[in-house]
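Side chains are part of it too, since the values below use all heavy atoms of this structure and drop only hydrogens, waters and symmetry mates. All residue numbers in this chain count up from 1 along the given sequence. Keep in mind that what you see is a predicted model, and the values were worked out from it rather than measured.
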Amino acid sequence: MTTMYSLWCCVLTCPQLKKILHFTVWGVSTLLTILPATTGNYGPSTGWCWIDVTHNKEAGTAWRFICFYIPLWGAAIYNLVVYYNVNKALEEAIQAGWHQIR
């Protein structure tokens with residue numbers, strides 16, 4: 001939640017960044033929504049997914065990975081990298097003697 005608040009404050013102070021973020025989020029979302037329709041893979045499906053694999057199994061499976069699993073794993077890996085970098089920066093700060101400042 002703190003990260004989202006910090007990002008929101010940054011967006012408010014930088015209108016150019018706001019335009020870039022809007023274009024990126026809406027562009028990628030629109031693209032990932034339209035592309036599965038090109039192969040006719042939208043429809044009722046098992047479970048929660050709206051991408052049907054009964055008529056065109058290979059394309060449906062590919063769209064499921066492209067639209068859900070790859071972004072999911074990308075976000076998880078990004079979070080791990082951020083946590084590692086934050087931990088590393090905190091350890092360096094502690095070793096530099098910041099723990100003595102109060």
Side-chain angles (χ1 to χ4, degrees):
M1 187 61 103
T2 305
T3 305
M4 291 178 65
Y5 177 73
S6 299
L7 180 61
W8 178 250
C9 291
C10 181
V11 168
L12 289 177
T13 59
C14 183
Q16 184 63 27
L17 181 61
K18 184 176 180 179
K19 290 178 186 178
I20 292 170
L21 287 175
H22 269 286
F23 179 75
T24 303
V25 168
W26 288 107
V28 170
S29 298
T30 303
L31 187 67
L32 291 179
T33 300
I34 292 173
L35 286 178
T38 61
T39 56
N41 282 103
Y42 277 128
S45 183
T46 57
W48 58 270
C49 193
W50 61 91
I51 298 176
D52 189 18
V53 293
T54 56
H55 300 298
N56 191 350
K57 187 172 184 171
E58 293 81 19
T61 303
W63 286 125
R64 284 184 180 186
F65 273 91
I66 291 168
C67 293
F68 181 71
Y69 291 110
I70 292 174
L72 177 71
W73 280 102
I77 291 169
Y78 175 77
N79 281 334
L80 288 174
V81 170
V82 169
Y83 285 134
Y84 173 78
N85 288 334
V86 168
N87 187 36
K88 184 177 169 185
L90 287 173
E91 285 178 358
E92 289 174 2
I94 289 171
Q95 289 177 357
W98 284 13
H99 63 282
Q100 296 175 357
I101 300 173
R102 290 193 184 228

Starting from Val82, walk the hydrophobic network (Ile, Leu, Val, Met, Phe, Trp, Tyr; side-chain heavy atoms closer than 4.5 Å) and list everyone else you reach, by chain and number.
->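 Traced through the cluster, Val82 reaches Tyr78, Val86, Leu90.
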Fellow cluster residues of Ile20, listed by chain then number, with links counted only when side-chain atoms sit under 4.5 Å apart |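 Ile20 clusters with nothing; isolated.
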Kindly compute the distance separating CZ (Arg64) from CG (Asp52), expressed to the nearest 0.5 Å.
->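 The distance works out to 7.5 Å.
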Which distance, rounded to the nearest 0.5 Å, do you find between the CH2 of Trp73 and the CD1 of Ile77?
->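 Going from the CH2 atom of Trp73 to the CD1 atom of Ile77 covers 7.5 Å.
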Is the OH atom of Tyr42 crowded by more than 12 outside heavy atoms at less than 6.0 Å?
->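 For Tyr42, atom OH is crowded (more than 12 foreign heavy atoms under 6.0 Å).
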Pairs involving residues 21-34, ordered by first then second residue, that meet side chain to side chain donor-acceptor pair (under 3.5 Å) (sequence neighbours left out) |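 Applying side chain to side chain donor-acceptor pair (under 3.5 Å) to every pair that reaches into residues 21-34, excluding sequence neighbours, yields His22-Trp26.
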Sub-3.5 Å donor-acceptor pair from the side chain of Asn56 to the main-chain atoms of Asn41, do we have one?
->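 It does not hold such a pair.
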Any donor-acceptor N/O pair, Thr39 side chain to Pro36 backbone, under 3.5 Å |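 Side chain of Thr39 to backbone of Pro36: a pair is present.
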Who passes side chain to side chain contact (heavy atoms under 4.5 Å, CB included) against Leu35, sequence neighbours left out?
->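 Residues passing side chain to side chain contact (heavy atoms under 4.5 Å, CB included) with Leu35: Leu31, Trp63.
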Leu72: what forms a side chain to side chain contact (heavy atoms under 4.5 Å, CB included) with it, not counting sequence neighbours?
->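 Once residues adjacent in sequence are excluded, the partners of Leu72 under the side chain to side chain contact (heavy atoms under 4.5 Å, CB included) criterion are Phe68.
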Quick one: are Tyr84 and Leu80 in side-chain contact, heavy atoms under 4.5 Å?
->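 They are not in side-chain contact.
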Where Pro71 and Ile66 come nearest, the two heavy atoms and their spacing =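 Scanning both residues, the minimum pair turns out to be CD-O, 3.3 Å.
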